[in-house]
Amino acid sequence: MKKKRVSETIVQIFSANQGFSLRTVCVALVSAGLLTAPAVYGDSGQWQAQFAPEVDSVRQPRDPLRIFLPDDFDASKIGQLRLVLDKVDMTQVMRIEGRQLILEPGRPLKYGQHMIALLEKVGAKTLERGSWPFEVRQSDAVREMMFSSKATLNIKQRASDRGYDENDLPEHRAQADGAIKTKGRVSGKDWQVKAKANFIYNSLPELTPAGRREFDIGKFQVQGNYQNLGFNIGDHRLEPEGLLIKRFRRRGISSRFKSKDKRLMADVFAMRTGRVVGLSEGLGFSDPENRTLGGGITFQPFIGTPEKLSLTTTYLSGKTANSDDFATISGGLKTDTNAWSVAARSTVMDKRLYIAGEYARARQNATNGLADTNDDAVNLLVRYRPKTEYRIAGSPVKTSLGLQYLKVGDQFESPANAALAVDRELVAFVAKAQWVGLTTSLYLASEEDNVDGTKSLPTRRKDVYKLATRYKPKVSTGDMDKEPWYGQPTYNVELRRTKEETVNQPNPGGLDIDNRIQDISVFARFNHSRWNGLVRYKVGWLDDFSDFNPDTKNQLFELEADVSISDRFSLSSRAQYNLISTTGEPDSSTVIVGLTGDIELIPSRLDLNLDYEISDTRLLDNSESTRDNILSANLNWQAIPARSNKPGLSFWLQVSHQSFNDKVFDDADLNQNQVFVGATLSWPYRFPVGN
């Protein structure tokens with residue numbers, strides 16, 4: 001004990017003195033035996049090793065880890081030792097120097113808590129000779145700090161333009177634009193803050209997303225947590241999702257509390273109902289006429305098996321002022337909504353059965369001279385994965401089944417789920433089977449509107465059938481000697497049929513819908529180490545038995561191929577043929593062919609991109625026929641290549657030519673040429689360097 005206290009005192013003395021090397025002192029103390037735990041290794045075989053403390057104030061990601069063996073350790077038994085770091089055996093890479101076992105991380109350790117242990121294999125037993133938790137930190141103040149950014153500034157001049165109407169061109173021939181993408185992270189033992197933001201610059205303010213100022217912000221987000229509390233500020237997506245909230249990514253603030261046992265979670269939020277871009281709206285939710293407030297509580301009663309039952313209740317109150325900010329089913333009129341929902345989810349039977357149900361109710365308060373309305377929605381979902389495993393040719397067949405029931409009233413509306421289609425009752429069934437590289441799925445659905453059964457309104461039904469098959473055989477890739485010339489293929493076949501009809505029409509002379517839409521899609525994709533390609537054919541039919549719309553047939557054939565001819569030259573080609581046949585009208589066809597070449601003239605310095613595309617559109621009776629040719633060339637010279645934390649500068653030249661030829665109306669022909677010269681300044685920055 002005296003030795004330990006003396007060593008601690010000496011370390012403190014030398015830590016306070018900047019003129020000495022603490023690492024040298026620690027090694028000297030270890031050699032003198034002052035930092036080594038008293039050896040108890042003897043006939044009983046009981047002994048303990050000692051883990052060296054940090055030689056600096058904090059342990060860094062690449063610092064070597066040192067373990068000291070007792071003075072009387074039997075060196076012949078060194079082969080019985082095992083060094084384990086974070087449950088991974090690192091014995092093969094450790095180094096032995098006298099009584100020291102040294103492990104130098106092959107890659108930087110992550111910031112945070114780690115565990116290292118020394119084990120000894122004695123006969124059939126494995127004895128622990130010491131285990132030590134340690135922390136990797138960036139500094140005394142924080143565990144980890146990181147910041148990175150990528151700034152780009154483009155300056156260009158329109159050197160030439162021929163064949164354009166002056167009213168179609170910007171007033172200024174010179175223009176500058178750029179962007180800065182930033183992200184950062186700082187964390188401690190039980191807290192973390194992350195942030196990211198995109199900044200936009202354009203010398204022509206009317207071309208920025210908000211159209212107000214030259215320099216503006218795009219999207220930004222600050223996310224943090226402290227123990228059981230978390231928050232989000234800026235543009236982010238709300239959770240949990242359901243009937244009231246779905247794909248709702250807006251600007252605002254939200255916070256979440258999670259209990260220590262993770263069984264209770266509570267969320268609150270204040271978000272802008274409509275989308276917003278730029279600095280002018282700040283955090284976005286300051287406008288009471290365009291704001292959605294709410295929160296939710298989730299409770300999982302079963303400790304250890306939270307998946308068995310999860311109960312969630314959600315409430316929100318939202319307003320939207322106009323269609324410029326938010327598209328609603330009310331046609332963009334002002335809305336004022338209060339809504340709530342309760343949901344339950346359960347996964348049982350060894351996680352093979354999933355059951356979820358949700359009920360929601362929404363009240364539309366009187367606006368735009370309309371009366372208050374109330375309506376509800378319900379959603380039930382069941383997914384089942386059979387335990388019985390079938391085998392074909394020795395390989396298992398995995399199957400899953402799903403069933404959904406959804407009913408949404410015609411007056412139901414949630415400001416945080418504008419995409420939810422209303423006035424419909426849906427029953428859907430899905431089945432999926434997987435065998436080796438073959439996956440097949442079947443989807444059947446039947447949907448009706450007029451869910452409230454209003455006698456004065458027609459009732460329509462839509463039936464959907466979809467069958468999709470995907471086959472990806474296992475082939476050897478990556479090895480040129482074993483890889484087949486066609487690479488890794490993937491084959492897809494998809495059939496879809498939709499039938500819509502009016503099943504009840506109470507209004508004489510009303511429109512009776514009766515149509516059928518069918519399409520078949522077949523495509524194959526090939527990925528090779530030197531090339532990849534795609535072949536696709538799709539044909540679709542619209543048969544309108546009510547004769548309200550003409551019957552049509554649409555055929556599309558596509559080819560794509562990318563070939564790496566050498567390390568400095570690659571080609572990309574595309575071809576598309578589209579034929580549309582419409583009853584009572586002449587057939588129309590469109591042919592598009594394109595070719596792109598990328599040439600590295602001087603490695604990492606000078607490259608050239610060439611692109612040519614021709615588009616031919618015509619009616620087969622020759623009443624219309626046009627051809628469009630587009631040729632562009634981009635020459636880029638990396639004068640100063642951008643490197644880590646060092647800016648780069650490149651100069652470029654862009655030339656484009658477009659000719660439009662109308663074979664029927666000669667006065668519609670166009671020939672246009674443009675030339676741009678410019679420079680791009682880029683600066684990638686990262687702190688700390690190398691992380």
Side-chain angles (χ1 to χ4, degrees), residues 8 11-12 14-16 18 22-23 26 51-66 84-88 90 103-117 131-150 180-198 219-239 251-270 283 298 306 644-645 684-691:
E8 290 176 351
V11 170
Q12 291 174 2
F14 281 94
S15 297
Q18 298 292 332
L22 186 56
R23 184 183 300 271
C26 286
F51 182 52
E54 296 87 345
V55 295
D56 293 320
S57 58
V58 296
R59 191 180 296 277
Q60 298 290 330
R62 289 189 177 276
D63 284 351
L65 306 174
R66 299 173 183 269
V84 178
L85 175 63
D86 295 334
K87 300 182 180 181
V88 178
M90 308 294 290
L103 176 63
E104 296 185 0
R107 61 180 62 181
L109 296 179
K110 293 182 178 180
Y111 293 105
Q113 294 291 333
H114 297 268
M115 176 67 74
I116 189 170
S131 62
W132 308 271
F134 66 95
E135 185 180 23
V136 175
R137 296 178 65 88
Q138 195 159 344
S139 68
D140 289 323
V142 298
R143 170 183 286 175
E144 177 185 13
M145 179 183 295
M146 183 278 293
F147 174 79
S148 66
S149 67
K150 184 176 182 180
I180 304 176
K181 294 183 178 181
T182 64
K183 63 179 180 179
R185 180 175 64 251
V186 59
S187 65
K189 182 178 181 180
D190 53 4
W191 61 272
Q192 183 184 68
V193 177
K194 297 189 295 184
K196 59 182 179 180
N198 296 332
K219 294 183 178 180
F220 69 93
Q221 181 183 8
V222 180
Q223 184 180 20
N225 59 73
Y226 172 69
Q227 294 182 351
N228 300 327
L229 294 174
F231 69 86
N232 267 292
I233 300 175
D235 301 277
H236 61 283
R237 184 168 171 170
L238 285 185
E239 294 181 348
R251 183 178 296 181
I253 61 174
S254 65
S255 180
R256 164 169 287 195
F257 166 79
K258 183 182 293 186
S259 63
K260 291 184 178 180
D261 58 10
K262 299 182 180 181
R263 292 194 301 155
L264 178 65
M265 290 173 287
D267 299 84
V268 293
F269 55 83
L283 296 182
T298 298
S644 177
N645 292 6
Y685 178 80
R686 186 177 182 87
F687 172 83
V689 179
N691 285 342

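What you see below is based on every heavy atom in this structure, not just the backbone, and it leaves out hydrogens, waters and symmetry mates. No experiment lies behind these values; they were computed from the predicted model shown.
- Ala197 is linked by a side chain to side chain contact (heavy atoms under 4.5 Å, CB included) to Thr182, Phe199, Ile217, Phe220, counting only residues two or more places apart in sequence or in another chain.
- Although no hydrogens or angles enter the test, the distance criterion places a donor-acceptor pair under 3.5 Å between the side chain of Asp86 and the main chain of Met115.
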Item to check | Pair Asp267-Ser254, side-chain contact (heavy atoms from CB on, under 4.5 Å): steps then yes or no | outcome: CA-CA 7 Å; Asp267 299 84; Ser254 65; over 6 Å; no

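- Under the rule for a ring-ring contact (aromatic ring centres under 6.0 Å, His included), Trp191 has no partner lying at least two apart in sequence or in another chain.
- Among residues at least two apart or in separate chains, salt bridge (charged side-chain N to carboxylate O under 4.0 Å, His left out) pairs with a member in residues 224-238 are Asp235-Arg251, Arg237-Glu241.
- Partners of Gln113 by side-chain hydrogen bond (donor to acceptor under 3.5 Å, both in side chains), not counting sequence neighbours: none found.
- For Arg62 against Pro105, the heavy-atom pair with the smallest separation is O-CD, 4.1 Å.
- Annotation: side-chain hydrogen bond (donor to acceptor under 3.5 Å, both in side chains) contacts of Asn198 (sequence neighbours excluded): none.
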Show me the donor-acceptor pairs, under 3.5 Å and distance only, between side chains in residues 143-150 and residues at least two apart or in other chains.
unit_1 : atom_1 : unit_2 : atom_2 : d
Arg143 : NE     : Glu135 : OE2    : 3.0
Arg143 : NH2    : Glu135 : OE2    : 2.9
Glu144 : OE2    : Arg185 : NE     : 3.4
Glu144 : OE2    : Arg185 : NH2    : 2.7

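- Applying the side chain to side chain contact (heavy atoms under 4.5 Å, CB included) rule to Val84 yields the partners Leu119; only residues at least two apart in sequence or on another chain are considered.
- Proximity of Lys262 to Pro306: side-chain heavy atoms (C-beta onward) are nowhere separated by under 4.5 Å.
- Legend: residues meeting salt bridge (Lys or Arg N to Asp or Glu O under 4.0 Å) with Arg59, ordered by chain and number and at least two apart, are absent.
- Using a 30° and 60° split on the angle between ring planes, Phe134 and His114 fall in the parallel class, below 30°.
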Checklist entry - Between Ile253 and Phe269, is a side-chain contact (heavy atoms from CB on, under 4.5 Å) present by the stated rule, with each step listed? => result CA-CA 6 Å; Ile253 61 174; Phe269 55 83; over 6 Å; no

Next on the checklist: Evaluate Leu65 against Phe51 for side-chain contact (heavy atoms from CB on, under 4.5 Å), listing each step before the verdict.
Outcome noted: CA-CA 8 Å; Leu65 306 174; Phe51 182 52; 4.2 Å; yes

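- Of all heavy-atom pairs spanning Phe231 and Asn225, the tightest one is CE2-N, 4.4 Å.
- Using a 4.5 Å heavy-atom threshold, the side chains of Val58 and Gln138 count as separate.
- Qualifying side-chain hydrogen bond (donor to acceptor under 3.5 Å, both in side chains) partners for Ser139, counting only residues two or more places apart in sequence or in other chains: none.
- Taking each heavy atom of Ser131 and Pro133 in turn, the nearest pair found is O-CD, 4.2 Å.
- Between Gln60 and Asp63, the closest heavy-atom pair is N-OD2, 2.9 Å.
- Remark: Asp261 pairs with Arg263 by the salt bridge (Lys or Arg N to Asp or Glu O under 4.0 Å) rule, at least two apart or across chains.
- Of the inter-residue distances, the one linking Lys189 atom NZ with Gln227 atom CD reads 10.0 Å to the nearest 0.5 angstrom.
- Nearest heavy-atom pair, Val136 versus Lys110, reported as atom, atom and distance to 0.1 Å: CB-O, 3.7 Å.
- Across Met90 and Leu85, no two heavy atoms sit closer than the pair CG-CB, 3.7 Å.
- Between the CD atom in Glu239 and the OG1 atom in Thr298 there is a gap of 10.5 Å [rounded to 0.5 Å].
- More than 12 non-hydrogen atoms from other residues, nucleotides or ligands lie less than 6.0 angstrom from CZ of Phe257.
- Every residue meeting the salt bridge (Lys or Arg N to Asp or Glu O under 4.0 Å) condition with Glu104, not counting sequence neighbours, appears here in chain and number order: Arg95.
- Note that the CG atom of Asn228 and the CG atom of Leu264 stand 10.5 Å from one another [nearest 0.5 Å].
- Here the CZ atom belonging to Arg66 is positioned 11.0 Å from the CG atom belonging to Leu103, to the nearest 0.5 angstrom.
- Residues satisfying the side-chain hydrogen bond (donor to acceptor under 3.5 Å, both in side chains) criterion with Asn232, sequence neighbours excluded, are Gln221.
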